[in-house]
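Every number for a ligand or one of its atoms is a count from 1 in the order of the listing. The first residue in the sequence is number 1, and the count goes up from there. Please read all numbers here as calculations on a predicted model, not as lab measurements.
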Amino acid sequence: MTIPCTLIPGDGIGPDITDATIRILDAARAPFTWDRQLAGMAAVHAHGNPMPDATLDSIKHTHLALKGPLETPVGEGFRSVNVALRKTFDLYANVRPARTILRGGRFDRVDIVLIRENTEGLYAGLEHYIKIGEDDKAAAESIALITRLGSERVIRYAFEYAMRHGRKKVTLVHKANILKFSQGLFRSVGQQIAREFDGRVSYDERIVDACAMQLVIKPEQFDVIVTTNLFGDILSDLVSGLVGGLGLAPGANIGKHAAIFEAVHGTAPDIAGQGIANPSALVFAACLMLEHVGDTDRARRIHEAVVTTLRAGTHLTRDLGGSASTGQFADAVIARLLA
Ligand code: NAD
């Protein structure tokens, strides 16, 4: 059986890390057939539009995309192509796993999956200036919109994710002690859904500021975390930092009708075109995509091959202190896969 998937190589280092990722997936006989499409700056150069209809139509058809990093052109009417894609496909859950890979750092036992609400909260885009007297911009207001439906679907996704992945606990992170209405609603929906999973997944809660401190002091106490958009944005980078930074961090954006998988890092313009980027984050994103389609054994096999290559330390790319090219790193991973 083959699974059609939209492939967006992206900008900057995107094409290099995408080629390496596809070679690794092919070596593992992953079941995808690729529909290559453009977005970001590459699409502006080819079609004069950073988000062409052909790309959107492809994702509508495949419901699945693997995406390299995108550069959003200035003045094209988009704040961010990535955000526009999330909005177009209503990708409500952003999933960011963070697991210790290179041992010997400050944190050796981190294994956290942070699930962030991706469509509402303070990032709902409800902002305006308020005129006072002659000053058109005397004040500015940004509204943190929390809905029952938006909270329910992301919190339920977090519990179902925990069940599917054999995880024990969901921690809901909030600030309901101060934001009693918006954060209070998110928290009360969490408590309600937690009761449905009673006996299968345990539940606890943290206030966001205390959570930030505990993540740094004792991150191994956390398992799955679910939180609102702004807190999730900040804490997901924090947990990436615990395990070696954005270079190894994959992300998934999940909706009811589509899912887009990506590396968390950007286009790395400083090393673009040099063939020295580390493809690990995009390969890990592809593993999340394999898990998403139920191909968990293959996902585990590829993940293991990348982790053992990284831990062996003989074919590291420059960002990790080595001198291997993107292609040499991919070859080393493929050699382990085929061994
Ligand atoms: P960046 O992540 O591109 O780069 C930060 C630093 O990390 C650079 O020194 C870069 O060389 C290094 N780096 C990043 N990924 C690497 C990899 N795989 N291998 C080796 N080194 C790597 O962040 P930035 O410089 O803030 O952003 C550059 C561009 O990327 C901007 O246009 C930004 O909007 C875009 N961006 C896109 C996404 C996305 O598409 N998801 C995410 C973040 C930034």
Is atom 20 (C) of ligand 1 in close reach of the protein, with a heavy atom under 4.0 Å away?
yes

Just how far is it from atom CG of L316 to atom CZ of F329, taken to the nearest 0.5 Å?
7.5 Å

Flag H265 as yes when one of its N or O atoms lies below 3.5 Å from any N or O atom of ligand 1, and as no otherwise.
yes

Per atom 41 (N) of ligand 1, closest listed option by heavy atom (N278, L85, D11, N82)
N82

When you check the gap from the basic side-chain N to the acidic O, do R96 and E262 get nearer than 4.0 Å?
no

Any non-hydrogen protein atom less than 4.0 Å away from atom 30 (O) of ligand 1
yes

Does P269 come within less than 4.0 angstrom of ligand 1, counting non-hydrogen atoms of the residue?
yes

N-O pairing of D295 and R298 below 4.0 Å
yes

Looking at atom 33 (C) of ligand 1, tell me if a protein heavy atom falls under 4.0 Å from it.
no

Contact between ligand 1 and R318 is defined here as a heavy atom of the residue under 4.0 Å from a ligand atom; is it met?
no

Geometric class of the F159/F197 ring pair [parallel <30°, tilted 30-60°, perpendicular >60°]
parallel

Nearest neighbour of atom 43 (C) of ligand 1 from the list G68, G266, G251, on a heavy-atom basis:
G266

Any non-hydrogen protein atom below 4.0 Å of atom 5 (C) of ligand 1?
no

Taking distance alone, with no angle check, do P69 and ligand 1 share an N/O pair under 3.5 Å?
no

Passes salt bridge (Lys or Arg N to Asp or Glu O under 4.0 Å), D26 versus R23? Steps please.
CA-CA 5 Å; D26 284 349; R23 284 209 291 123; over 6 Å; no

Following the transitive rule for hydrophobic clusters with a side-chain heavy-atom cut-off under 4.5 Å over Ile, Leu, Val, Met, Phe, Trp and Tyr, establish whether Y92 and V83 coincide in one cluster.
no

Parallel, tilted or perpendicular: which describes the rings of F32 and W34, with under 30° parallel and over 60° perpendicular?
tilted

Nearest-option assignment for atom 11 (O) of ligand 1, heavy atoms, candidates D270, L282, D319
D270

Taking atom 26 (O) of ligand 1 as the reference point, report whether a protein heavy atom occurs under 4.0 Å from it.
no

Could you tell me if any non-hydrogen atom of V264 lies under 4.0 Å from any atom of ligand 1?
yes

Return the residue, atom name and 0.1 Å-rounded distance of the protein heavy atom closest to atom 16 (C) of ligand 1.
I13 CD1, 3.9 Å

Please confirm whether the ring centroid of H257 lies under 6.0 Å from the ring centroid of F89.
no

